[in-house]
Amino acid sequence: MIVRRASLAWLRSKGWGVRNLHDAVVALGLALPGRLTPMSYVTLLRSACADPDIMKQPGGSFPVPALKATLASLGLGMTGRKAQLVERLVNALREVGAPPGEPPADDGGCDGEELQVETDIANTSKVRAFAARADAAWQEHSSDGAQVLLDALEDFVDGEEADVRAEQEALLQLNAGVNPPDVLLESACPAGLARISQQDAAGVIARSAASMHASAQAAGQQERRADRLDPTQRCVHDRVLQWAQAGATDPLRVLLLGTAGTGKSEVVKAIVASLESCLGTGSVIRCAHTGVAAFNMGAGAETINSVFNLGSAMADTASIDALVDKLALARLLIIDEISMVGSEKFFQVSDRLDLVTRVLRERRRRAAGASNGDGAPQAHGFGALGVLLVGDFGQVPPIGDASLLLSAKGQSRRAAAGQRLFRSFTDVVRLRRIYRQKGPSPYKDSTLRLRDGAMTLHDYSLWCGHDVSAVPHDRPLRRALETDALWLTTENKKVGERNGAKLARHSEANGAPVFAFDAVHSDPRAEKRPPDEFYQLRTKVHLSVGAPVLLTSNLLWELRVVRFGLMNGARGRVVGIVMDAAPPALPAYVVVDFPEYCGAPFWPEHPTWVPVPPIRRQSKKARSLERVQLPLRLSWSLTVHKAQGLTCPSGVCLDLSTSGPRSAAASPGPRARADRKSHHRRCLSSDASDGEVLGGPLGADTVQ
Ligand SMILES: Nc1ncnc2c1ncn2[C@@H]1O[C@H](COP(=O)(O)OP(=O)(O)OP(=O)(O)O)[C@@H](O)[C@H]1O
């Protein structure tokens, strides 16, 4: 077991994943192993190369091109004669799973204390020595220390929670240290603030829901909203309104496309206002894939999962009835961020609405005293509701589900059904005028080309003029970018480095102690599992009063809070920490000022302050494992994925480096869109027209 773990660590230290080993096996023309694990591939390769003499024979088992291909897939040198190639391959494979003592000796001992210190390893070159030492320690003593070391080693090579470790590393420079022992617990709590209980919080959230409902009813601004729309935007609005005025019986299928800032949300708000006055309150369901986008849609919108209860199997009558009651008045469904909705999820939504419509029909028949209904499925899907899809397929695609743009061929049955449904959207409108950045700007066109992976040399020179590192540190612009702008990067580790360093500096400049809160686990096995498995709850959260933070949950106090501006992606600043025991024990809650919070106040004198308690999450993979932690993370820096959909009025710095020297560019626009280069790379022209009606039939070409 221990040899296997050390071998795996060694494999990873060489950058050999299953993929490399698989390529090597294929290149040598070997049959795949029964179990596709790194060690089974290695075993196969080693046994195939067990007799190097065979390979050395001219025309022997492995011809030179196959050997070269094998070496290339393992990242090893490919030059030399056959004998040299064979020797290189055999030597490399021998090193994997080498018996204890064979790798370079290390003079370190294996007592627990020293091993604890060594768990801070951060240097790839040390990995091999660690593996060997841990292996030897295990053989000699079976000590816990060896286990500690191996766990640390696995963490390191796995790259799990790289941001947390980088944060820790950066905080090591802190003079006062993390969780200073002499700090009084109450010192982090804002003076005179009344304590909030679970019951108080639930009451505030219920009041928020009631007041939001009333304010949505009182809106009544449809005329003004629709009047403001440009002709292309108006065309979408009018199409939907005419459908509603004609009785909302046709299966309306409209796809509204447009890059960031073209006014899609504006159109949606106008449609909602007009429809609610025509068909009544509750006639429009608004939802989006992420909480941030749902909140941007306006009061009442929720995430798709929450609206359709997609997390539940809906196996019992009570949950079906609750869903039916919630959606009973709905006539139109609006889904924003459609590029992020996968085909399976799209089908599930349609399926749930079919279910709702079937139950409603059945209820009506029963009320009318008729006998059993036919329960016939809906011919057009979506429970015969009208559907408006909104988004930009140049933005982030679905994760773990097939894009709606893919061909249905080769997809799962449900994904293929989702894609067929998508193809029924034949009313297609694309908005082209960008309203968010006012006036002419070369950046408007350039960002579109950047989005489409179609940058020109001119674009490159343009963006070089925004190199942060070229701005002297004493300039106000540089200071503003360093302190206020959000720094985006593609690597968790770099996010952790910056957040840790900023927190250390913030702490020293303001005399604010840094606290590290450890997650509580139901079982030691849960400790090593990555945050993704627990809906982004991390093993350790570093905080300080005054630090900017990101909320990573759509639920607080076990209630849904997206519609009040509290969602996975909401940004705020810590104003206090209410602790009952010394950290690393979790606090009762952290008080965060969320400027966009629009629910009822928790504290009347501070309407945007919200108590954020630790939350409990089951593992997605092993239901018996649970983690309890604060759903917060530092947010001086974020990965581009985490920043999807955020609006950043103080600007954005994009750190494009992956390793080596830093190169950062400041964005002129306020919107931090993690636009990915899509697989559709047509460059959009940005002419004076506001958009175009593309009509149907819909194909991949129409939805660039
Ligand atoms: N017809 C219009 N006239 C004037 N301003 C408009 C118009 N349409 C939209 N805007 C303004 O443009 C800005 C961006 O609009 P909106 O947020 O609706 O764009 P979007 O396409 O939804 O962007 P994103 O995809 O980034 O969410 C808003 O400030 C909005 O008020």
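FYI, the numbering just counts along the sequence from 1. Just so you know, ligand 1 is whichever comes first in the structure, and atom 1 is the first atom listed for that ligand.
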Under 4.0 Å from a heavy atom of Asp230: give me the atoms of ligand 1 that qualify, with their elements.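 Listed by number with element, the hits are 1 (N).
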Distance under 4.0 Å to a non-hydrogen atom of Lys264: what atoms of ligand 1 satisfy this? 18 (O), 19 (O), 20 (P), 21 (O), 22 (O), 23 (O), 24 (P), 25 (O)
Applying the side chain to side chain contact (heavy atoms under 4.5 Å, CB included) test to Val254, which of Leu332, Val428, Leu388 qualifies? Leu388
From Leu555, Asn554, Leu556, residue fulfilling side chain to side chain contact (heavy atoms under 4.5 Å, CB included) relative to Val561: Leu556
Any atom of ligand 1 sitting under 4.0 Å from a heavy atom of Gly261?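 The answer is yes, since Gly261 has a heavy atom less than 4.0 Å from ligand 1.
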Minimum distance, heavy atoms only, to atom 16 (P) of ligand 1: which one of Gly258, Pro231, Ala260, Gly263 is it?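 When every heavy atom of Gly258, Pro231, Ala260, Gly263 is considered, Gly263 comes closest to atom 16 (P) of ligand 1.
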Parallel, tilted or perpendicular: which one describes the rings of His606 and Trp609, with boundaries at 30° and 60°?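 Taking Trp609 first and then His606, their aromatic rings lie parallel (interplane angle under 30°).
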Can a donor-acceptor pair be found between the side chains of Glu276 and Ser283 at a distance below 3.5 Å?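 Looking only at side-chain atoms, Ser283 and Glu276 do not form any donor-acceptor pair under 3.5 Å.
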Does the separation of the ring centres of Phe382 and Phe346 fall below 6.0 angstrom? yes
Region of Arg228 engaging ligand 1 - heavy atom pairs below 4.0 Å: both
